[in-house]
Amino acid sequence: MIALCSKVFQALIEKMATSESASLSKTVKQHYMDLSQGDKVQAMYIWIDGTGEGLRCKTRTLDSEPKNIDDLPEWNFDGSSTYQSEGSNSDMYLIPAAMFRDPFRKDPNKLVLCEVLKYNRKPTETNLRLMCKKIMEMVENQVPWFGMEQEYTILGTDGHPFGWPSNGFPGPQGPYYCGVGADKAYGRDIVEAHYRACLYAGVMICGTNAEVMPAQWEFQVGPCEGINMGDHLWAARFILHRVCEDFGVVASFDPKPIPGNWNGAGCHTNFSTKEMREDGGLRGIEDSIEKLGRRHCYHIRAYDPKGGLDNARRLTGHHETSNIHEFSAGVANRGASIRIPRSVGQDKKGYFEDRRPSANCDPYAVTEALIRTCLLSEEGEEPKEYSK
């Protein structure tokens, strides 16, 4: 039965527009991957490019296995080819920031998530990690926890959703959310491969499920404290892209990949502090929601890489979303900007869920914005500058 399901899945992929690389022999490749690499280690350096959404990577050889970030050397790359600099002054610095096990080459090889600095050692426009880390360090005594629910859509290389009829649409939404069966779950092999690869890498993935639109899935990362949230979500996204590359398909984080009566894709963000998680913490949750309500426009701009333009296609007030122009909150209300889970309302402590971030958000921007508003009590539409 397993072999039959795999053959059906492979036949479905072959009917779709898939990359030529996926048809290369994995058996031949495995012959070379089984060769000894001696005492050397391959470290794949990963960074966010100038779009604020795309990821880039390249590999270098290390003489021994790094035990922590301090063991990893800085590196550089041509920023003129990644939308990050002009050709006349294109050298950019890669600064190792977080390290994970490599689920593709396996131990002792590593994935290295990096910050990017310009020639003058200042952060690039899309290096939002540097400031986020600074803000997190200001509130580390409050032990901020985050959990992010990353939705995505599996597409063919032609942009057509995986498993959808080539000249039409599947049946209407309803049976697909957490669905089981070949006519309801589209692409589960990819989901399972990604889940296991994240666990191997040490990413704090905590769950996954099929979503409302067919070929749409979600994985959850967390709880993560402070800057780790952004590091682990970006690592999970990279691993997903690489898994999809092996299968010859594409993972899209577009907030509204298919127009019309189909759900969009978000990155709902759960947030709490030590105070909120303790007895009587509901008061702190309600105080934070009140602050968020006074700063709605600031958060909308921070919650997608195009300053709210991407989310405008998704936050319509329909398909389990709030209206982008209005702030709302409620217990167990998935049509609100902020949802308080029913169990939190009953226990009077826990966390709240901000449902506004788009699927293609930068988690560093989202978590930083929540800290600025909820814990640093910033007001107004611009972030405050802090002295070093």
Test item: [X] and [Y] side chains (from C-beta on) under 4.5 Å apart, heavy atoms:
| X | Y | value |
| --- | --- | --- |
| Thr321 | Arg355 | no |
| Leu62 | Glu65 | no |
| Ile289 | Ser337 | no |
| Pro255 | Asp304 | no |
| Ser19 | Glu245 | no |
| Phe104 | Val243 | yes |
| Val250 | Ile154 | no |

Using residues 221-229 as the side-chain source, report each donor-acceptor pair under 3.5 Å to any protein atom, sequence neighbours left out, with the distance given to one decimal.
none

Residues Asp246, Arg242; criterion salt bridge (charged side-chain N to carboxylate O under 4.0 Å, His left out); working and verdict: CA-CA 6 Å; Asp246 284 346; Arg242 277 287 288 105; 3.3 Å; yes
So which residues get pulled into [X]'s cluster when ILVMFWY side chains under 4.5 Å apart are joined, directly or through others?
| X | value |
| --- | --- |
| Leu130 | none |
| Ile95 | Tyr93, Leu117 |
| Val143 | Trp145 |

What are the two closest non-hydrogen atoms of [X] and [Y], and how far apart are they?
| X | Y | value |
| --- | --- | --- |
| Lys256 | His319 | NZ-ND1, 3.9 Å |
| Ser85 | Met92 | CB-SD, 3.8 Å |
| Ala210 | Gly179 | CB-N, 4.1 Å |
| Val180 | Arg188 | CA-NH2, 4.0 Å |

Listing, residues 158-167 side-chain donor-acceptor contacts under 3.5 Å, not counting sequence neighbours, or none:
unit_1 : atom_1 : unit_2 : atom_2 : d
Asp158 : OD1    : His160 : N      : 3.1
His160 : NE2    : Pro165 : O      : 2.8
Trp164 : NE1    : Pro214 : O      : 3.0

Side chain of [X], backbone of [Y]: donor and acceptor closer than 3.5 Å?
| X | Y | answer |
| --- | --- | --- |
| Thr269 | Cys267 | yes |
| Asn127 | Val116 | yes |
| Gln216 | Gly264 | yes |

Salt bridge (charged side-chain N to carboxylate O under 4.0 Å, His left out) between Arg129 and Asp231, intermediate numbers included: CA-CA 9 Å; Arg129 186 184 188 276; Asp231 292 346; 2.8 Å; yes
Side chain to side chain contact (heavy atoms under 4.5 Å, CB included) partner of Ser252, chosen from Asn360, Ile258, Leu155: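 It is Leu155, the one option of Asn360, Ile258, Leu155 that forms the side chain to side chain contact (heavy atoms under 4.5 Å, CB included) with Ser252.
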Result of checking Thr59, Ile46, Leu72 against Val112 for side chain to side chain contact (heavy atoms under 4.5 Å, CB included): Leu72
Non-neighbouring partners of Glu381 that pass side-chain hydrogen bond (donor to acceptor under 3.5 Å, both in side chains), sequence neighbours left out: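 With sequence neighbours excluded, Glu381 shows a side-chain hydrogen bond (donor to acceptor under 3.5 Å, both in side chains) to no residue whatsoever.
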Contacts of Tyr119 that satisfy side chain to side chain contact (heavy atoms under 4.5 Å, CB included) - sequence neighbours left out: Asn89
Gap between atom CG of Asn263 and atom CD of Glu320 - 0.5 Å precision: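 Separation between the atoms: 5.5 Å.
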Residue pairs, two or more places apart or on separate chains, that pass salt bridge (charged side-chain N to carboxylate O under 4.0 Å, His left out) and touch [range]:
| range | result |
| --- | --- |
| residues 43-62 | Asp49-Arg56, Glu53-Lys306 |
| residues 337-347 | Arg339-Glu353 |
| residues 71-83 | Glu74-Arg121 |

Salt bridge Glu382-Arg301, side-chain N to carboxylate O under 4.0 Å: yes
Charged N-O contact under 4.0 Å between Lys118 and Glu125: yes
Step-by-step salt bridge (charged side-chain N to carboxylate O under 4.0 Å, His left out) determination, Glu192 to Arg196: CA-CA 6 Å; Glu192 293 294 339; Arg196 187 61 60 87; 5.9 Å; no
Donor on one side chain, acceptor on other, Glu149 and Asn270, under 3.5 Å: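 Per modelled atom types, Glu149 and Asn270 side chains form a pair under 3.5 Å.
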Residue pairs passing the ring-ring contact (aromatic ring centres under 6.0 Å, His included) test where at least one lies in residues 34-62, sequence neighbours excluded: Tyr45-Trp75, Trp47-Phe77
Pairs involving residues 264-288, ordered by first then second residue, that meet ring-ring contact (aromatic ring centres under 6.0 Å, His included) (sequence neighbours left out):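 Found Phe146-Phe271, Phe271-Phe352.
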Phe219 and Tyr152 aromatic ring geometry - parallel, tilted or perpendicular at 30°/60° bounds: tilted
Mutual orientation of the aromatic rings belonging to Tyr364 and Trp234 [parallel < 30°, tilted 30-60°, perpendicular > 60°]: tilted
Heavy atoms from other residues, nucleotides or ligands near NZ of Lys122 exceed 12 (cutoff 6.0 Å):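 Not more than 12 within 6.0 Å, no.
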